[in-house]
2 protein chains.
Amino acid sequence: MSRGTVSRVLNGGRYVSTAALAAVERAVAATGYVANSSARSLATRRSGAVAFVLTEPQERLFEDPNFHVLLRSCTQALAERDVVLMLMLAGTPAEHERVLRFVRGQHVDGMLLVSTHLGDPLVAEASRSGLPVVASGRPLGHEHDVRSVAADDRGGARAMVEHLLGRGRRRVTTVAGPQDTSGGVERLAGYFDVLGRRARAVDVVAADGWTHDAGERAMARLLEQVPDLDAVFVASDLMASGALATLRRAGRTVPGDVAVGGFDDSRVAVQVEPALTTVRQPLEEVGRRMVELLLAQVAGEEGEPVVLPTELVVRSST
Amino acid sequence: MSRGTVSRVLNGGRYVSTAALAAVERAVAATGYVANSSARSLATRRSGAVAFVLTEPQERLFEDPNFHVLLRSCTQALAERDVVLMLMLAGTPAEHERVLRFVRGQHVDGMLLVSTHLGDPLVAEASRSGLPVVASGRPLGHEHDVRSVAADDRGGARAMVEHLLGRGRRRVTTVAGPQDTSGGVERLAGYFDVLGRRARAVDVVAADGWTHDAGERAMARLLEQVPDLDAVFVASDLMASGALATLRRAGRTVPGDVAVGGFDDSRVAVQVEPALTTVRQPLEEVGRRMVELLLAQVAGEEGEPVVLPTELVVRSST
DNA sequence: CTGAAAGCGCTTACAG
DNA sequence: CTGAAAGCGCTTACAG
């Protein structure tokens, strides 16, 4: 039996007689034969692997539960299609360079770009390279060059601010996320959508990171600027946990004195006291859709940017 | 200039004249040429990739900060050597099968096995396959078949129990980890090392998982069995956070009524109230050493199991 | 349906 | 030091 016939069986069994097919399958089962993947990749010009690139200081991989959800759902969705996930950190310029060299070596069929920032050179390079790329969140400045899967940040933020007003709050402020990310920009836009001219400059403080500590600092600044605030929409649950710490230290009760709304519905939302009213972002699905979109692109299919709905989740903090 | 000369330059520049070397380097810089990795792998029989296999229900990837530290330090240590990390989940039998098929396809040069359990078929298969493997923690039942990097669980547990006794506690109990993992077994052994015959069967409850919830349940059982306990050594910080919740609900103060000691010195140790006295496990270094040991093995070098020292960290819970 | 053969893009003895 | 050539282990038109 020729090498060619075996190969045909292994690749779907088209154009093979049932007899040959059975014989090969028996032999494969008996010997535990598995095709060498480098040779296959070389012949097919497909690696069967995809890079998951974290464009972010690595601390965030530690701290932010959102990444774990995304990483897990992507790994799983890829595994179901027998594609492997290569984890790459691209926080420093050196790592950055390594990622680029890596994709140029045709080591991967595509790239999952997570948490991109405005002016991120990797996004530009990736889209220029022609390699299939899908970003999580709309990549600021490259909305049309790179496909993406995002949650409806703006709509979710609107729902939260309306909820806060519906609770009778008069002075609704916000701790915005860093404004070099689409999540940061969009959630702030949603805030303005609802409050319009009623929002004053002092009611808004943009945090200098998506971390607990950044939320803590931003909340302190906000309290100084607006001592009589009675509500705050914080652009992520993790930052909101920091905001809660600041409020507690300042002697303000939640939700008595101040109603606090978060965003994400991540694990921390229920770990803090009081549990956070927040906006649920379907990150599991974001991961799945990113994988679908990427593999479709690898297969040469068209694809539209995806925006997934968000949902208000009311708990005890508002 | 021949393909062979270019290849020699790219692979270290041995046996190449300075003139040729400079010319090639100039050309590479100008064109951005990067060798195709499949072709290189096929020729060298090295993939330049390593699998990071999580032998665990995936929830743990979400919940347990220890994994993030390990994942990050391995990714980083590998990247420094230009080796790629492939993340594989092996929680279900199907995923399991996929991992095996994958390594048989010679897709990776080695395997980092994280959080193995007693009777884990993957460990046996991996060691039998001849593929270089390094486990985190000593793989129960395969201590001599598979190289490993572990923390000194037993010594750390001893230090904690001695600390508890040093605080004047009379009834020192323990919530042990699952007894099908080396961490669970060793930390319990350390407890017995110190208490010896003073420990009674009722003083020990083994949790049915390494989670917050499992710690919560185990602590409840322990309180029923030993209502007058005044100290508990919990085998992980995450489980200890669950134990704290149970104690709070039962109206016991910490450390007033009950001293609580954890293990790991993970992020949760300082997130809970009161901050946990715990045993620091140098997970960053565990990851680094795992990578070193694995790559040495790939290069055909010998290697000994590594055990890293642990350290007592005293905070407010004892 | 099947086999023989070319080709995927490298690396590495081998001669020189 | 360098080039020509074999070989790594597959896939896939191409004839038949």
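Everything numeric in this text was worked out from a predicted model, so none of it was measured. Numbers restart at 1 for each chain; the letters A, B, ... are given by sequence-line order, proteins then strands. The basis for the numbers below is simple: all heavy atoms, side chains too, and nothing from hydrogens, waters or symmetry mates.
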Between Q106(B) and V16(B), just flag the one whose closest nucleotide in DNA chain D comes earlier from the 5' side. V16(B)
So do R288(B) and Q76(B) actually touch side chain to side chain, heavy atoms under 4.5 Å? no
Taking C-beta and beyond as the side chain, do E292(B) and R81(B) meet within less than 4.5 Å on heavy atoms? yes
T310(A) to Q281(A) - nearest heavy-atom pair and separation: CG2-CA, 4.4 Å
Go ahead and name the base partner of dT2(C); Watson-Crick or wobble counts if both distances stay under 3.5 Å, otherwise write none. dA15(D)
How would you summarise protein contacts on nucleotides 11-16 of chain D per nucleotide, using B for base, S for sugar-phosphate only and - for none, with heavy-atom distances below 4.0 Å? BBB---
Does the side chain of S38(B) get closer than 4.0 angstrom to OP1 or OP2 of dC10(C) through an N or O atom? no
Give me the distance, rounded to whole Å, that separates dT12(D) from dG16(D) when you measure between the P atoms they each carry. 22 Å
Locate the shortest heavy-atom distance separating M86(B) from A49(B); write the atom from each residue and the value. CE-CB, 3.7 Å
Between dG3(C), dC10(D), dC1(C), which one does the side chain of Y33(A) approach most closely? dC10(D)
Do the side chain of E125(A) and the main chain of P121(A) share a donor and acceptor less than 3.5 angstrom apart? no
Calculate the interatomic distance between N36(A) atom CG and dC10(D) atom P; express it in whole Å. 5 Å
In this structure, how many angstroms lie between the P atom of dC1(C) and the CZ atom of R14(A), rounded? 8 Å
Does any non-hydrogen side-chain atom of N66(B) lie less than 4.5 Å from one of W210(B)? no
Nucleotide dC8(D), atom P - distance to CZ of R46(B) in whole Å: 17 Å
